[in-house]
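Every value quoted in this text rests on a predicted model; they were computed, and no experiment measured them. As a basis for the values below, the full set of heavy atoms in this structure was taken, side chains included, without hydrogen atoms, waters or symmetry mates.
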Amino acid sequence: MLIFNNTTSSSSNFLLTAFPGLERAHIWISIPVCCLYIIALLGNSMIFFVIIIKRNLHKPMYYFLSMLSVVDLCLTITTLPTVLGVLWFHAQEISFKACLIQMFFLHVFSWLESSVLVAMAFDRFMAICNPLKYATVLTDMMVLVIVLVVCIRQVLSLCPMVVAIQTLSFYGGQELSHPFCYHPDVIKYTRSNSWFSSFCGMFLQLYMNGTDLLFILFSYILILRTVLSTVTPKKQQKALSTCVCHICAVTVFYVPMLSLSLAHRLSRSTPRVLCSTLANIYLLLPPVLNPIIYSLKTKTIRQATFQLLRSKGSQGRRVRGLRGRRD
């Protein structure tokens with residue numbers, strides 16, 4: 001869907017940029033960026049594959065973690081072609097239709113990640129505050145219902161923004177602040193009055209991410225109250241340790257996202273290179289760090305990953321041994 005061209009831009013195209021002012025260093029910048037993309041793709045694929053293969057991980061907590069890995073994979077794949085296209089080939093030009101498609105999927109997966117983090121907060125709330133009802137409430141059917149509700153919520157929320165953007169006309173050949181299409185960046189270059197689309201985007205950002213963050217904070221207030229009411233320090237430590245990974249995932253996602261939103265909407269004098277750096281951190285940091293955090297801090301995930309890698313290694317040695325005998 002994303003078609004790039006280095007020729008002179010037409011009136012229906014935008015120009016993508018990566019780290020404005022550092023164009024000569026794009027090749028060197030692409031090395032760590034590529035490493036981060038590889039880590040994100042391999043790490044999330046491994047987490048998802050391990051949870052699917054291992055039956056002892058077929059529990060609500062790990063179902064939600066697999067959803068988070070899938071969303072991170074999709075978010076990574078959405079931005080990868082344009083980011084590497086700009087860094088490697090200086091392929092800046094992107095058509096309006098391709099830009100709109102990328103912007104749609106970027107926001108869908110970004111808001112999906114926020115919703116999955118809410119589902120994971122609900123899982124931790126039930127496990128700590130209502131452990132006796134955990135198995136009866138969070139059944140496989142309930143997990144499926146949560147997934148359907150999350151998906152329907154995304155579709156219903158994004159429809160007004162998509163309709164609003166399609167009615168607008170844009171100035172062609174404008175240079176964006178990122179190597180991908182991001183709504184607050186694109187909406188600045190409309191010929192007509194863009195107040196509705198801008199307001200719609202800001203409202204959806206506050207509604208989707210804002211309500212999700214409030215729900216997560218409220219869940220942890222209840223969790224903290226329950227934990228502090230526990231007399232035994234060991235039980236307190238054990239309960240809080242189960243939340244560490246999720247708290248890290250929430251921090252890694254929301255802090256860059258809020259920083260980027262504030263940089264775009266509150267200050268027009270923000271340097272473009274800062275906006276570009278924040279955007280890349282916002283979209284790359286969670287997919288890169290989430291698999292590392294859950295692999296290091298979750299013993300069951302770590303053990304299942306080691307077992308899977310060992311079994312694959314032993315199978316490879318057996319195959320090589322059989323081939324050697326035949327030869």
Side-chain angles (χ1 to χ4, degrees), residues 44 60-76 78-79 103-130 137-138 142-162 182-184 199-225 242-266 278-279 281-290 293-294:
N44 287 289
M61 174 183 174
Y62 301 110
Y63 288 148
F64 294 135
L65 178 56
S66 66
M67 288 170 57
L68 185 67
S69 296
V70 170
V71 172
D72 281 337
L73 274 173
C74 294
L75 193 60
T76 302
T78 299
T79 60
M103 183 170 62
F104 173 79
F105 283 110
L106 191 153
H107 286 285
V108 164
F109 294 127
S110 176
W111 290 338
L112 268 176
E113 179 151 356
S114 178
S115 298
V116 172
L117 290 173
V118 172
M120 296 174 80
F122 177 67
D123 173 81
R124 291 299 85 207
F125 165 76
M126 290 298 300
I128 295 174
C129 299
N130 297 288
V137 173
L138 278 175
M142 178 58 69
V143 172
L144 182 60
V145 169
I146 292 173
V147 173
L148 291 175
V149 169
V150 166
C151 293
I152 293 170
R153 182 189 181 215
Q154 308 304 315
V155 173
L156 294 178
S157 300
L158 275 168
C159 283
M161 190 174 77
V162 173
Y182 185 61
H183 179 264
F199 171 78
C200 187
M202 185 172 62
F203 173 77
L204 286 175
Q205 187 83 9
L206 291 173
Y207 167 67
M208 300 293 286
N209 296 127
T211 54
D212 289 347
L213 183 58
L214 286 176
F215 186 88
I216 291 170
L217 292 175
F218 181 68
S219 299
Y220 273 100
I221 289 172
L222 296 178
I223 288 172
L224 189 61
R225 188 182 68 176
T242 62
C243 300
V244 170
C245 295
H246 183 253
I247 293 172
C248 292
V250 170
T251 305
V252 164
F253 176 77
Y254 279 102
V255 170
M257 183 268 293
L258 292 173
S259 301
L260 180 61
S261 297
L262 290 173
H264 269 291
R265 289 188 169 91
L266 296 184
L278 287 173
I281 290 173
Y282 163 52
L283 293 177
L284 262 179
L285 202 63
V288 169
L289 291 184
N290 285 341
I293 291 169
Y294 278 95

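Qualifying side-chain contact (heavy atoms from CB on, under 4.5 Å) partners for Val150, counting only residues two or more places apart in sequence or in other chains: Leu112, Ser115, Ile146, Gln154. With sequence neighbours left out, Cys248 forms a side-chain contact (heavy atoms from CB on, under 4.5 Å) with Val244, Ile293. Met67 pairs by the side-chain contact (heavy atoms from CB on, under 4.5 Å) definition with Phe64, Val116, Val147, not counting sequence neighbours. For the side-chain contact (heavy atoms from CB on, under 4.5 Å) test, residues two or more places apart in sequence or in another chain that qualify with Val149 are Val145. The side chain to side chain donor-acceptor pair (under 3.5 Å) check on Tyr282 picks up Ser110, with sequence neighbours excluded.
Distance CG/Asn209 to CG/Leu214: 11.0 Å, rounded to 0.5 Å. Here Ile223 contributes atom CD1 and Arg124 contributes atom CZ; the two are 8.0 Å apart, rounded to the nearest 0.5 Å. Distance check: Leu68 CG to Leu75 CG gives 10.5 Å after rounding to the nearest 0.5 Å. Here CG of Leu117 is found 5.0 Å from CD1 of Ile216. Values are rounded to the nearest 0.5 Å. A distance of 5.0 Å separates CG of Leu283 from CG of Leu106, quoted to the nearest 0.5 Å. Between Phe253 atom CZ and Leu213 atom CG the span is 10.0 Å, to the nearest 0.5 Å.
Although no hydrogens or angles enter the test, the distance criterion places a donor-acceptor pair under 3.5 Å between the side chain of Asn290 and the main chain of Pro286. At distances below 3.5 Å, not a single donor-acceptor pair connects side-chain atoms of Asp72 with backbone N or O atoms of Asn44.
The side-chain hydrogen bond (donor to acceptor under 3.5 Å, both in side chains) analysis of residues 210-224, with sequence neighbours excluded, yields the pairs Ser114-Asp212, Arg153-Thr211, Arg153-Asp212, Tyr220-His246.
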side-chain contact (heavy atoms from CB on, under 4.5 Å) evaluation trace for Val108 with Phe104: CA-CA 6 Å; Val108 164; Phe104 173 79; 3.8 Å; yes
Test log, rule side-chain contact (heavy atoms from CB on, under 4.5 Å), inputs Leu65 and Cys245: CA-CA 11 Å; Leu65 178 56; Cys245 295; over 6 Å; no
Full working for side-chain contact (heavy atoms from CB on, under 4.5 Å) between Tyr182 and Met103: CA-CA 6 Å; Tyr182 185 61; Met103 183 170 62; over 6 Å; no
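Pairing each heavy atom of Thr78 with each of Cys74, the nearest pair is OG1-O, 2.7 Å. Of all heavy-atom pairs between Pro60 and Val143, the closest is CB-CG2, 4.0 Å. Nearest approach of Val71 to Phe109, heavy atoms of both residues: CG1-O, 3.2 Å.
In this structure, Phe125 and Asn130 have side chains that are in contact, with non-hydrogen atoms separated by less than 4.5 Å.
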